[in-house]
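We name chains A, B, ... by the order of the sequence lines, and we start the count at 1 in each one. On a predicted model such as this, the values are computed, not experimentally measured, just so you know.
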Amino acid sequence: MIRIIFSTLILSASIFAANAQEANAILQKMDEIMFSAKDISATQKIILIDKNGNEEVREATMLQKGTDMRMFRFTSPASQAGISVLSLPDDIMYLYLPAFGKERRIASSSKNQNFAGTDFSYDDLESKSFAAKYTAKLLKTESNAFILELIPKTPSDYSKIIINVNKTNYYPEKMEYYDKGNNKIKEATYNFKKLGKYWNTELVEMINFKKNHKTQMIMSDVKYDTGLTDDEFTVRKLKQ
Amino acid sequence: MEKLAERIVKFRWVIIAFVLGLTLFLGYQLKNLHINADILSSLPENDPTALLYKNIGKQYGGNNIGMIVLETENVYETEVLKHIKQITDSLSIDSDVSSVTSMTNILDIKSSEWGIEIGKLIDEYNLPEGQAELDNLRNYIDSKDMYKESIVSADGTASLILFKLLHDADMRLAALRIKNRVNNLALPETLYFGGLPFLLTDITELIVSDMSVLIPVVFLIIALILLVSFRSLRGMFLPLLIAGITVIWTLGFMAILKFEISIISNTMPVALLAIGSAYTIHVLNSINLFSLKDRKKALLKALAYTIVPIILASLTTSIGFISFIFGAYLSIIRDFGIITSIGIVFALLLSIFFVPALLSGLSFYNKKDKKANKEKKDIITHGFLQPLIKILFKYPKRVLAIWLIIIAFSIVGVFMIKTSVNITEYFKADNPTRISENIMQKKFGGSLPVFVEFEGDIQEPEVLKMMIKTEEFIKQDPNIHSAQSVADLVEQMNYAMGEGEKIPDDKTKIEQLWFLLDGQDIMEQLVSYNLDKGIIQSKFASIETDEIDNFTNKMNKFIEENPGENYKINFTGIPPLYVKLNDSLVKSQYSSLIIAIILVFLIVAIIMRSLSEGVFATIPIIATVLFLLGFMGFTGIPLDIATVLVGSVAMGIGIDYSIHLITGYNTHMKEFGDTEKAIKETIMAKGNAIIINVLSVAAGFLVLVLSHIVPLKNFGLLIAISMVSSGLGALTLLPVILILAYRKKNNNKTV
């Protein structure tokens with residue numbers, strides 16, 4: 001009897017372990033799809049939509065090398081044209097405001113703040129591997145998607161994120177963000193499209209349920225692996 | 001009149017069926033009746049200050065802001081910070097809360113030579129520990145105007161947690177749930193809950209508990225008085241039934257017309273129970289009076305005898321309430337006037353049609369009334385009315401002199417009347433809302449919001465500079481401790497960019513600094529979405545009328561002296577609204593009194609077809625109102641949103657006694673042709689009903705003394721006093737005037 005219970009325990013524990021293993025494998029595959037390009041250059045259109053349906057459009061060019069070097073340069077509206085944000089490894093960020101002609105280092109001690117009026121927090125925009133930040137659990141397998149539950153490894157505003165990962169191509173289709181009271185507070189939906197050998201995030205839409213506010217990020221003119229060098233990601237470049 | 005009375009008896013079953021049907025229908029409507037405890041929502045739409053205040057509350061979400069104060073010996077302890085974080089977290093996961101601001105999550109912009117740090121005042125995942133870190137935090141907070149006295153009290157013993165509810169949230173349910181949630185954390189510190197969501201919840205609860213306690217008590221007390229007075233179940237049952245149906249009809253009608261129960265109309269059922277029972281008392285009294293053998297005949301005669309005075313009485317009482325429609329600043333006062341006067345008309349219709357119908361239909365005639373009535377009459381008649389008549393005829397001048405002395409004293413008192421508009425004073429001293437408000441006042445420089453709104457392009461340097469100038473100006477007032485606007489944030493950002501703590505002259509610079517502020521929670525509390533409006537938020541610490549007046553005048557002068565092409569400045573807030581409310585209380589007190597006096601005089605004069613009788617009937621009631629106001633002056637009971645009603649209500653109800661007396665006098669004059677005899681007969685015949693009526697109405701209103709809301713307590717007490725005084729006025733002052741007028745006329749004739 002005891003043996004049966006014991007073996008059931010081991011069995012369920014191993015199912016559990018298998019589940020975790022499988023879930024983490026799926027997450028790693030997703031990371032590969034999302035962050036495999038050596039570098040990207042693209043144009044970003046950011047559309048902010050408030051609860052009354054008012055839209056505000058911003059445009060920027062974006063350069064990214066690896067997962068931790070990124071240059072974001074706003075081109076419109078005119079009042080914000082030239083504002084640039086440079087992100088470097090170890091959470092170092094510089095901001096350049098052309099009207100002042102100076103750069104300032106920005107430390108954002110809290111990554112849960114929203115980036116420039118969007119519904120994305122600095123945390124959401126970080127191109128850091130999901131597998132490194134979260135522990136995954138496979139909730140269920142649907143006909144075209146794996147449903148994963150991600151639990152943050154470090155302190156976060158989120159209690160969990162539920163991700164739908166495409167079963168054939170392993171890109172995320174939807175991410176649901178939950179607060180510590182287990183309320184769904186945000187939801188991101190993704191449109192991926194294959195460009196050459198990479199899957200590109202053509203559109204991400206983030207909805208903030210509490211603010212009733214939406215942000216769409218649309219990427220175009222995407223070029224992969226053009227051989228960007230570290231020189232593109234310096235304070236000197238920021239000011240140009 | 002007899003014809004009408006006959007018809008009523010003829011169609012009795014139709015009337016009974018109709019009343020029953022309507023009662024069922026209107027009773028069913030009660031489920032749609034809502035309570036609205038928000039006094040501010042009752043501010044007039046046509047007053048620019050009030051309108052601006054309401055709009056700012058809506059636009060910048062200030063009406064949805066709740067506050068929790070955590071009080072302890074020293075806020076700067078890791079343990080305490082942990083608890084503040086716990087509260088913050090438990091609020092931010094509430095589905096109705098859109099944002100929370102506390103010590104543990106407030107935005108902080110630090111700048112140094114190397115750059116800017118936009119972050120949080122405290123790292124919530126790594127709270128300061130050890131004396132050194134805690135001291136640092138304290139010094140840092142003390143050095144920043146933004147935090148001092150706004151998030152932590154100056155003495156470091158209290159911390160404020162602000163939260164904003166979603167627009168579509170049910171404020172009351174959310175407030176209750178949040179209170180529960182936070183109390184369930186079982187924190188060792190003392191917590192206080194404030195702000196509109198909690199205030200309204202508390203008032204709503206007070207209204208509900210007031211209504212559910214007061215109405216049954218009023219019922220019981222009036223029942224007891226009726227039983228003792230009439231010594232018959234019919235005498236007790238009928239007036240209460242009529243009053244009860246009146247209340248159901250009126251509340252049902254309110255629901256259909258989408259009126260809401262307010263902190264004022266909350267008293268309406270009590271008022272209607274007291275007033276509504278009175279008409280039936282008079283009908284029953286006159287039926288008793290004409291206790292003929294043929295009961296039907298008695299009923300008909302009694303009806304004919306009372307219909308006119310009852311119609312007159314209800315008309316004048318309605319006028320007392322209707323007089324609030326003119327000149328009332330708050331719509332809750334106006335609505336109360338409208339609704340209660342509708343209720344009075346219901347009571348009138350019921351006692352004229354339904355009471356006789358019921359009496360004849362159900363053979364509900366008094367069976368053993370004769371003997372009982374005689375006995376009871378003997379007590380009031382021998383014990384009070386007969387001696388009274390003797391005194392009145394023996395010493396009419398002395399009685400008049402006593403009244404004149406009382407009136408003279410009262411006039412002195414009228415000049416001592418104070419006003420009270422501070423909503424927190426409307427609660428008893430041990431009420432949690434009042435305690436919270438006091439703490440807010442003591443620790444965080446008051447809780448009376450002050451707003452200065454700027455219209456214009458908020459990113460224009462000129463506008464932002466003017467905002468800073470205005471802030472500096474208002475901070476000079478000793479009652480203003482802090483002020484906040486987007487201009488402060490722009491200055492801080494400019495400093496962080498290394499260009500000093502000032503507004504840049506170049507608009508592009510401002511637009512680019514804005515990039516860093518965009519999307520921060522605080523922005524929507526300070527600027528409009530289109531950036532065409534922005535506000536300075538501040539708090540005023542005093543509720544003294546002259547200090548508020550002084551500040552309001554200073555502000556208006558400042559705005560006048562600082563015009564600009566690119567902006568317009570508007571000033572609002574609770575302090576200037578209190579000034580207006582205060583003015584309006586005094587104004588509407590006098591205007592509604594004057595309107596009521598004139599209308600009452602006109603109606604009595606027209607129906608009696610006699611100017612002098614109009615004057616005679618109004619004199620006792622004017623004396624009563626003066627006595628009442630004088631009483632308020634001497635006892636320090638202030639004029640407030642409820643007591644402002646007393647004068648006109650007292651007048652509307654009190655005039656009834658004079659009307660009953662005068663109509664009786666007229667009837668008996670026709671009968672005997674002799675004034676003295678007519679007066680005697682009238683007092684004997686009507687005195688009874690008047691005394692019962694005074695007692696039941698006064699006792700009914702006196703029950704309001706049990707109310708949790710201070711103005712209502714005072715209101716009940718004052719109405720009770722004025723009932724007694726107007727009853728006495730009708731039974732002493734009025735006869736004395738009639739006697740003296742008659743004697744003078746006689747003397748003139750003999751001369």
Report summary line: chain A shares the most heavy-atom pairs under 4.5 Å, among Glu524(B), Glu499(B), Lys507(B), Lys509(B), with Lys509(B)
**Report entry** Donor-acceptor pair, side chain of Asn183(A) and main chain of Ser95(B), under 3.5 angstrom
**Finding:** no
Query raised in the report: What are the two closest non-hydrogen atoms of Asp179(A) and Ile93(B), and how far apart are they?
Result: OD2-CA, 3.3 Å
Report task. Can you establish whether the number of heavy atoms outside Lys133(A) located under 6.0 Å from its atom NZ is more than 12? Result -> yes
Query raised in the report: Any side-chain heavy atom of Arg104(A) within less than 4.5 Å of one from Met497(B)?
Result: yes
Query - Tyr495(B), OH: over 12 other non-hydrogen atoms inside 6.0 angstrom - result: no
**Report entry** Side chain to side chain, Leu95(A) and Phe515(B), heavy atoms closer than 4.5 Å
**Finding:** yes
Requested in this report: Would you give the length of the straight line joining atom CG of Asn54(A) to atom CG of Asn530(B), rounded to the nearest 0.5 angstrom?
Outcome: 7.0 Å
**Report entry** Region of Ser92(B) that comes under 4.5 Å of a non-hydrogen atom in chain A
**Finding:** backbone
Requested in this report: Would you mind checking which part of Ser156(A) comes under 4.5 Å of any heavy atom in chain B, side chain (CB onward), backbone (N, CA, C, O), both or neither?
Outcome: backbone
Requested in this report: Check the surroundings of atom CD in Gln86(B): do more than 12 heavy atoms from other residues, nucleotides or ligands lie under 6.0 Å from it?
Outcome: yes
Report task. Count the heavy-atom pairs under 4.5 Å between each of Ser99(B), Pro504(B), Gly498(B), Ser98(B) and chain A, then report the option with the highest count. Result -> Gly498(B)
Requested in this report: Would you mind reporting whether Ser79(A) and Gln512(B) have side-chain heavy atoms less than 4.5 Å apart?
Outcome: no
**Report entry** Option in Asn182(A), Asn212(A), Asn208(A), Asp157(A) with maximal non-hydrogen atom pairs under 4.5 Å from chain B
**Finding:** Asp157(A)
Query raised in the report: Given a strict heavy-atom distance threshold of 4.5 Å, which part of Phe209(A) is in contact with chain B: side chain, backbone, both, or neither?
Result: neither
Requested in this report: Examine whether an atom of Leu97(A) lies under 4.5 Å from a heavy atom of chain B, and if so say whether it belongs to the side chain, the backbone or both; otherwise answer neither.
Outcome: both
Query raised in the report: Out of curiosity, Tyr529(B) OH to Lys51(A) NZ, how far, rounded to the nearest 0.5 Å?
Result: 9.5 Å
**Report entry** Portion of Pro77(A) that has a non-hydrogen atom of chain B nearer than 4.5 angstrom
**Finding:** neither
Report summary line: chain A shares the most heavy-atom pairs under 4.5 Å, among Leu513(B), Asn494(B), Leu517(B), Asn105(B), with Leu513(B)
Query - Residue Asp94(B) versus chain A: region with a heavy atom under 4.5 Å - result: backbone
**Report entry** Whether over 12 other heavy atoms sit under 6.0 Å from Lys153(A) NZ
**Finding:** yes
**Report entry** NZ/Lys502(B): more than 12 non-hydrogen atoms of other groups inside 6.0 Å
**Finding:** yes
**Report entry** Over 12 non-hydrogen atoms of neighbours within 6.0 angstrom of NZ in Lys184(A)
**Finding:** yes
